[in-house]
Every structure is written in structure tokens, then in C-alpha cells.
**Student:** 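Dropping a structure here in C-alpha cells format, bear with me for questions.
Source: prediction; values computed, not measured.
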Amino acid sequence: MMLEGKGTVVTGAGSGVGAASALRFAAEGARVLCADIRLEAAEETARAIEKAGGTAVPIARDVADEDEVVAMIATAVEQFGRLDVIYNNVGVPTPRLGSKLEDHTAEDFQRLFAINVGGVFFGSKHAVAQFKRQGDGGVIINTGSVAGLVAWGGAVYAATKGAVHQLTKAVAIEGAPFGIRANAICPAGMPYTGFMAAGGLSGDTDAVAERTAANHPLGKPITAEDCAEAAVFLASERAANITGVLLPVDGGYVAR
Ligand SMILES: NC(=O)c1ccc[n+]([C@@H]2O[C@H](COP(=O)([O-])OP(=O)(O)OC[C@H]3O[C@@H](n4cnc5c(N)ncnc54)[C@H](O)[C@@H]3O)[C@@H](O)[C@H]2O)c1
């Protein structure tokens with residue numbers, strides 16, 4: 001049990017990386033607040049955790065709204081007595097995946113920054129405040145992207161992930177004297193989460209997976225579970241001396 005008794009929050013827990021991470025956190029003994037803008041999806045993940053013998057509380061929260069993030073963290077503290085780990089995982093693609101820079105509207109830009117960067121900013125800000133009140137450190141994990149490490153297309157989305165990476169490093173340095181660690185997981189293409197559909201891509205997911213796999217030196221698409229394994233490690237004491245890291249989970253893509 002790598003996370004025995006830890007009070008944790010996972011955002012975007014209704015699907016993909018968030019759902020897989022919430023399940024893995026709980027399997028390692030954590031108590032998990034499963035937050036998602038879609039209550040039914042959060043409830044489904046919480047039910048799966050409870051069925052497996054774990055502890056989970058579902059909650060509907062919009063990470064782009066600071067008051068909702070404050071309430072989310074307050075609920076975790078109320079339910080679990082304290083906050084040990086927050087996984088700021090929510091991220092949305094451009095509404096029309098494949099759009100060129102000049103095809104993005106001002107609304108696209110504002111929405112992507114409000115959710116992808118705003119969610120990480122509010123989640124980190126209020127987790128740090130809670131960790132400092134508790135006085136014994138804490139862990140922040142953010143979901144970045146290889147799109148924030150190398151130019152990959154999707155310029156506005158990529159810029160939001162670059163911002164997430166820089167926030168992660170800055171929070172790591174500010175938080176270090178207080179025992180607060182902050183790291184980011186940077187996945188490459190995960191065709192089997194809800195991300196492609198959220199970007200308006202439908203159709204043959206297996207064909208997309210094949211194309212994605214061909215881009216990765218290890219020859220496989222990335223899965224939500226790959227990211228969840230990295231999240232468990234970063235959340236645990238085994239990563240006690242690791243902070244400020246942008247960890248690609250990318251089958252070797254950025255090393256190429
Ligand atoms: N899938 C990929 O190819 C890929 C690649 C690199 C990085 N990522 C990143 O991985 C993370 C997880 O994405 P995923 O692939 O699991 O996608 P997903 O669509 O399966 O899951 C995202 C979840 O976030 C929730 N959500 C959306 N907006 C929200 C909001 N404002 N407040 C609260 N919840 C909200 C959705 O309801 C959904 O359940 C994101 O940060 C994404 O940018 C994905």
C-alpha cells in the first residue's frame with residue numbers, strides 16, 4: 001500500500017487519466033475525492049472504487065471556477081480530515097482537434113486557458129494554502145503534455161500545457177521549504193480516453209491508436225493506466241526527493 005490513508009483529490013476523475021488514477025490511488029489505500037464537472041461520471045468512478053473495497057466520494061466541480069475549487073478542497077478535508085495529495089488532471093483539447101493557430105477563436109483561447117491553466121492554478125493555490133495550514137507538506141501532481149515540451153501542433157493547447165509545466169516548476173520551488181512537492185506527468189497520445197471525442201474527433205479509434213503507436217519509439221499508444229502508475233509513484237513517499245519534474249509518459253517520443 002503506497003498511499004495508505006492519504007486524503008486525495010483527483011480532478012477529471014470521471015474519465016481517462018483521472019478515472020484510472022482515482023482507481024489506482026484507492027487500490028493503494030488512499031481515500032479519494034473524485035471530482036469532475038460531470039457528476040454521473042464521477043459517481044461511476046466512485047462506485048467502481050467502492051466495489052473494489054476502496055473509499056471514494058464523488059463530487060461535481062468545475063476546476064475553472066475558483067470558488068468551486070475552494071469548496072472541493074474543503075470537502076476533501078471535511079471527508080478525510082486532511083489533504084495529502086491533489087492531482088490537477090483536468091485538461092481539454094481545442095474544440096476542433098487539428099485546428100491551425102489562425103483557426104482558433106478568442107473564445108477557444110479563453111476557454112482553453114481558463115480550464116487547462118486556471119484549473120491547475122486554483123488547484124495548486126488552494127492545496128498549498130491547505131498544506132501550509134496542516135504544516136507537514138503535501139503533494140501536487142499536474143497533467144501536462146508532450147505538447148508542452150515539443151512543438152506538436154495544436155498551438156493554443158500546447159501553450160496552456162507549457163504554462164502548466166512552468167507553474168509546476170515554480171510551485172515546486174516555492175513549496176520546497178514547506179515540504180510541498182509538485183511534479184507534472186506529460187503524456188503523449190492516448191486515443192482511448194475521452195480526449196479525442198472532446199476535440200470533436202470521432203470514428204475509428206483503433207486506426208488512430210495505430211497511427212499514434214507508430215509515432216512512439218516503444219511502438220504502443222499511451223494508456224490512462226500508464227499515467228496512473230506514474231501518478232501513484234509521484235504521490236508516494238518513494239518520490240520523497242523528487243520535485244519540479246516534468247515526466248514524459250510517452251513511449252520515448254520526446255527523446256527521439
Ligand atoms: N488523451 C491524450 O491524448 C492526452 C495527451 C496528453 C495530455 N493529455 C491530458 O491528459 C489529461 C486527462 O485527459 P484524458 O485524456 O483523460 O481526457 P478525458 O476527456 O477522458 O477526461 C477529462 C475529464 O475532465 C472532465 N472535465 C472537463 N472539463 C472540466 C472542468 N472544467 N472541471 C472539472 N472536470 C472537467 C471531463 O468531464 C472528463 O471526465 C488532460 O489534462 C489532457 O490535456 C491527454
Side-chain angles (χ1 to χ4, degrees), residues 8-25 32-46 56-73 75-76 83 85-95 97 108-128 139-148 154 156-168 171 182-187 189-190 192-200 222 224 227-228 230-231 234-235 246-247 249:
T8 66
V9 173
V10 178
T11 71
S15 175
V17 174
S21 300
L23 278 154
R24 282 292 290 118
F25 279 16
V32 189
L33 189 74
C34 298
D36 202 286
I37 201 162
R38 298 175 301 125
L39 181 60
E40 277 175 24
E43 285 173 340
E44 199 177 310
T45 303
V57 177
I59 194 166
R61 288 288 178 256
D62 178 355
V63 298
D65 181 317
E66 185 165 15
D67 292 341
E68 294 204 19
V69 172
V70 170
M72 175 179 80
I73 290 173
T75 304
L83 178 72
V85 178
I86 187 164
Y87 186 1
N88 298 308
N89 160 69
V90 167
V92 293
T94 176
L97 269 172
D108 294 336
F109 178 88
Q110 275 148 10
R111 176 173 176 273
L112 282 166
F113 270 84
I115 298 173
N116 294 4
V117 186
V120 171
F121 166 56
F122 297 140
S124 302
K125 172 180 167 182
H126 295 289
V128 163
V139 177
I140 296 170
I141 306 170
N142 301 320
T143 301
S145 173
V146 297
V156 178
Y157 173 77
T160 67
K161 291 302 186 176
V164 167
H165 295 171
Q166 205 51 37
L167 257 172
T168 305
V171 170
N183 294 290
I185 291 169
C186 310
M190 293 183 287
Y192 293 112
T193 69
F195 189 79
M196 305 277 171
I222 309 307
C227 294
L234 290 173
L246 311 176
L247 177 65
V249 178

**Student:** What's the shortest heavy-atom distance between C227 and I185, and which atoms?
**Tutor:** O-CD1, 3.7 Å
**Student:** Enter the distance from T8:OG1 to L33:CG here, rounded to the nearest 0.5 Å.
**Tutor:** 8.0 Å
**Student:** Within the structure provided, determine whether N183 and I141 are in side-chain contact (heavy-atom separation under 4.5 Å).
**Tutor:** no
**Student:** Taking all non-hydrogen atoms of both residues, which atom of A22 and which atom of T45 are closest, and how far apart?
**Tutor:** CB-CG2, 3.9 Å
**Student:** Strictly distance-based, threshold 3.5 Å: is any side-chain N or O of N89 a donor or acceptor partner for the main-chain N or O of T11?
**Tutor:** yes
**Student:** Please report, to 0.1 Å, the donor-acceptor pairs under 3.5 Å made by any side chain of residues 14-21, with sequence neighbours excluded.
**Tutor:**
unit_1	atom_1	unit_2	atom_2	d
S21	OG	V17	O	2.7

**Student:** Start with the C-alpha distance between K125 and V69, add both sets of side-chain angles, then the distance that settles side-chain contact (heavy atoms from CB on, under 4.5 Å), and finish with yes or no.
**Tutor:** CA-CA 10 Å; K125 172 180 167 182; V69 172; over 6 Å; no
**Student:** Should F121 and L167 be marked as a side-chain contact (heavy atoms from CB on, under 4.5 Å) after you check the CA-CA gap, both sets of side-chain angles, and the distance that decides it?
**Tutor:** CA-CA 7 Å; F121 166 56; L167 257 172; 4.2 Å; yes
**Student:** Hey, could you give me each pair passing side chain to side chain donor-acceptor pair (under 3.5 Å) that has a residue in residues 33-42? Not counting sequence neighbours.
**Tutor:** none
**Student:** Using the rule ring pair (Phe, Tyr, Trp, His ring centres under 6.0 Å), only one of F195, F109, F113 pairs with Y157; which is it?
**Tutor:** F195
**Student:** Only pairs at least two apart or in different chains count here, so list each salt bridge (Lys or Arg N to Asp or Glu O under 4.0 Å) that has a residue in residues 114-123.
**Tutor:** none
**Student:** For residues A35 and M72, report the shortest heavy-atom separation together with the two atoms involved.
**Tutor:** CB-SD, 3.6 Å
**Student:** Out of curiosity, I140 CD1 to L234 CG, how far, rounded to the nearest 0.5 Å?
**Tutor:** 12.5 Å
**Student:** How long is the span from the CG atom in D108 to the OG1 atom in T94, to the nearest 0.5 Å?
**Tutor:** 5.0 Å
**Student:** To the closest 0.5 Å, what do you measure between CG (D62) and CG (D67)?
**Tutor:** 11.0 Å
**Student:** For the residue pair A182 and V171, what are the closest heavy atoms and their distance?
**Tutor:** CB-CG1, 3.9 Å
**Student:** To the nearest 0.5 angstrom, please state how far the CG atom of L247 sits from the SG atom of C186.
**Tutor:** 7.0 Å
**Student:** Heavy-atom count around E44 CD within 6.0 Å, excluding the residue itself: above 12?
**Tutor:** no
**Student:** Do I115 and V90 pass the side-chain contact (heavy atoms from CB on, under 4.5 Å) test, and can you show the C-alpha distance, the side-chain angles, and the key distance before you say yes or no?
**Tutor:** CA-CA 7 Å; I115 298 173; V90 167; 3.6 Å; yes
**Student:** If you look at every heavy atom in S145 and K161, which pair is closest and at what distance?
**Tutor:** CB-CG, 3.6 Å
**Student:** Given V9, which partner from the list V57, L83, T75 fulfils the side chain to side chain contact (heavy atoms under 4.5 Å, CB included) test?
**Tutor:** L83
**Student:** Please report the shortest heavy-atom distance between V63 and F122, naming the atom on each side.
**Tutor:** O-CD1, 3.4 Å
**Student:** Just by modelled atom types, is the L112 backbone N or O under 3.5 Å from a matching donor or acceptor in the T160 side chain?
**Tutor:** no
